[in-house]
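Encoded as C-alpha cells, the structure appears first; notes follow it.
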Amino acid sequence: MGGSDLPEHVRANRHYWDGMADQWVAAGERLWASEPQWGQWGVSNAEAPLLPDSLSGQRAIELGCGTGYVSAWMVRRGAIVSAVDNSANQLATCRRLQGEHGLDFETLHGNAETLPFADECFDFAISEYGAAIWADPYRWIPESHRLLQPGGRLVFLGNSPLQMLCVPADGSETTSRLERSYFGMHRFDWRTVEVDPGGVEFNLTISAWIQLFSQTGFIVENYLELTAPSDAQGSPFGVSAEWARSYPSEQVWMLRKQA
Ligand SMILES: C[S@@+](CC[C@H](N)C(=O)[O-])C[C@H]1O[C@@H](n2cnc3c(N)ncnc32)[C@H](O)[C@@H]1O
C-alpha cells in the first residue's frame with residue numbers, strides 16, 4: 001500500500017517510527033540474542049506465557065514486529081513466521097539481524113489494519129507494543145480475526161488502560177492521579193505534547209475491549225496485568241518501577257477465535 005492510501009494515523013506513525021528506528025537498534029540486537037521476555041519490565045515467558053514452548057509447524061504472524069525479535073523467538077520454537085511492520089527502517093534492522101542470526105522468515109512492509117493475506121491462513125498471531133497500541137483496535141482486531149483459522153489464537157501486550165489514565169496531558173511521567181476520562185478512551189494523539197512528542201496510540205476501556213472481542217468472534221482465554229519485578233528501578237517509558245509494582249502498567253490479552 002502506498003503511503004497516500006494509508007489512514008492518517010498510520011501515515012503519522014510511519015513517519016514517527018521511521019524517524020525513531022535508530023534508537024531501537026540496540027534493544028533489538030539484545031533481544032534477538034535473548035530468551036523471550038516481555039514488555040517494559042522484561043517479564044519472563046514463565047510468568048507471562050505469551051508464547052507456547054512449541055509452535056512446531058504453526059503459521060504465525062507478528063503484527064508490528066519492529067526489529068523482529070518476537071518473530072525470531074517464534075521461528076526458534078518451530079513456527080513459519082510472517083512479520084509485518086509499518087516502518088521500512090525498523091524492517092531494515094530486522095532484515096540485518098535475520099542475516100546475522102541465520103534465521104529466515106517473511107517480512108512485509110504494511111499496515112496491520114489491512115493485510116494482503118488470505119482468510120484463515122494463520123494459526124497464531126501476536127503483537128507486543130506493535131498493532132497492540134499503534135493501530136486502531138476497531139480495524140486491526142477484526143483483521144487479525146479474518147487472518148486466523150477457527151480456533152487460532154491472538155495474543156497481545158501493551159499499556160494498561162489504567163496507565164493511560166495516569167499519563168498527564170503534556171506526556172510527562174505517569175502519576176498516581178487520574179489525569180483524563182476513562183469512558184470514551186480510544187485515540188491518544190501525542191504529536192503535539194511538550195515533553196516527548198510521539199505518534200498516535202490507541203487503547204480502550206476494559207468493557208470496550210471485551211465487547212470488541214465478543215462482537216468480532218474472539219473468546220477471552222486469559223487477561224494478565226503485568227507488574228514490575230521487585231528489583232526493577234527507574235522509569236523506562238515514563239512509568240516508574242514503583243508505580244508498576246503498585247498498579248498494572250501493562251496488559252496482556254490472550255484470545256481464541258471461535259471455532
Ligand atoms: C515498539 S515497536 C514493537 C516491536 C517490538 N515488539 C518492541 O516492543 O520494540 C512498535 C512497532 O509498531 C509498528 N507499527 C505501528 N503501527 C503499525 C501498523 N498500523 N501496522 C504495523 N506495524 C505498525 C511500528 O512501525 C514499530 O516498529
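Note that this is a predicted model, so its numbers are computed, not measured. Atoms within a ligand are numbered from 1 in the order they appear, just like the ligands themselves.
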Over 60° means perpendicular and under 30° means parallel, so classify the ring planes of Trp190 and Phe188, tilted if in between. parallel
What protein heavy atom lies closest to atom 8 (O) of ligand 1? Include the residue and the distance to one decimal. Tyr69 OH, 3.0 Å
Check: Glu194 side chain, Gly171 main-chain N or O, donor-acceptor pair, under 3.5 Å: no
Assess Trp140 for proximity to ligand 1: is some non-hydrogen atom of it under 4.0 Å away? no
For Gly28, state whether at least one heavy atom is located under 4.0 Å from any atom of ligand 1. no
Quick check: Asn86 and ligand 1, any N/O pair under 3.5 Å apart? yes
Which of the numbered atoms in ligand 1 are under 4.0 angstrom from any heavy atom belonging to Asn111? 18 (C), 19 (N), 20 (N)
Can you name the nearest heavy-atom pair linking Ala88 to His109, along with the distance? N-NE2, 3.4 Å
Scanning both residues in full, the closest heavy-atom pair of Thr67 with Gln90 reads CG2-OE1, 3.9 Å
Gly66: numbered ligand 1 atoms lying under 4.0 Å from its heavy atoms: 4 (C), 27 (O)
Among all protein non-hydrogen atoms, which one is nearest to atom 15 (C) of ligand 1, and what is the separation to 0.1 Å? Trp134 CB, 3.3 Å
Below 30° counts as parallel, above 60° as perpendicular, anything between as tilted: where do the rings of Phe218 and Phe213 land? perpendicular
Does Glu113 use its side chain to pair, donor to acceptor, with the backbone of Ala135 at less than 3.5 Å? no
A quick test of your reading: do over 12 heavy atoms of other residues, nucleotides or ligands sit less than 6.0 Å from CD of Glu173? yes
Is the Trp140 ring parallel, tilted or perpendicular to the Phe156 ring (thresholds 30°, 60°)? perpendicular
Please list, in number order, the atoms of ligand 1 under 4.0 Å from a heavy atom of Cys65. 4 (C)
For ligand 1, which atoms sit closer than 4.0 Å to a heavy atom of Trp24? 9 (O)
For Ser87, atoms of ligand 1 separated by under 4.0 Å from a heavy atom: 25 (O)
Just jot down the ligand 1 atoms closer than 4.0 angstrom to any heavy atom of Tyr129, in number order. 1 (C), 2 (S), 3 (C), 8 (O), 10 (C)
Rounded to the nearest 0.5 Å, what separates atom CH2 in Trp17 from atom CH2 in Trp134? 5.5 Å
For His186 and Asp136: C-alpha separation, side-chain torsions, deciding distance, then whether side chain to side chain donor-acceptor pair (under 3.5 Å) applies. CA-CA 8 Å; His186 178 212; Asp136 188 336; 2.9 Å; yes
Tell me which one of Gln40, Glu143, Met20, Glu128 gets a heavy atom nearest to atom 3 (C) of ligand 1. Glu128
Using a strict cut-off of 4.0 Å, indicate which atoms of ligand 1 neighbour a heavy atom of Gly110. 20 (N), 21 (C)
Which atoms of ligand 1 sit under 4.0 Å from any heavy atom of Ala112? 18 (C), 19 (N), 20 (N), 21 (C)
Closest protein heavy atom (residue, atom, distance) for atom 13 (C) of ligand 1: Asp85 OD2, 3.3 Å
Of the backbone atoms (N, CA, C, O) and the side-chain heavy atoms from C-beta on, which set of Gln90 has a member under 4.0 Å from an atom of ligand 1: side chain, backbone, both, or neither? side chain
For atom 12 (O) of ligand 1, grab the closest protein heavy atom and report residue, atom and distance to one decimal in Å. Gly130 CA, 3.5 Å
With the 4.5 Å side-chain cut-off for hydrophobic clustering, are Ile141 and Phe202 part of the same group? no
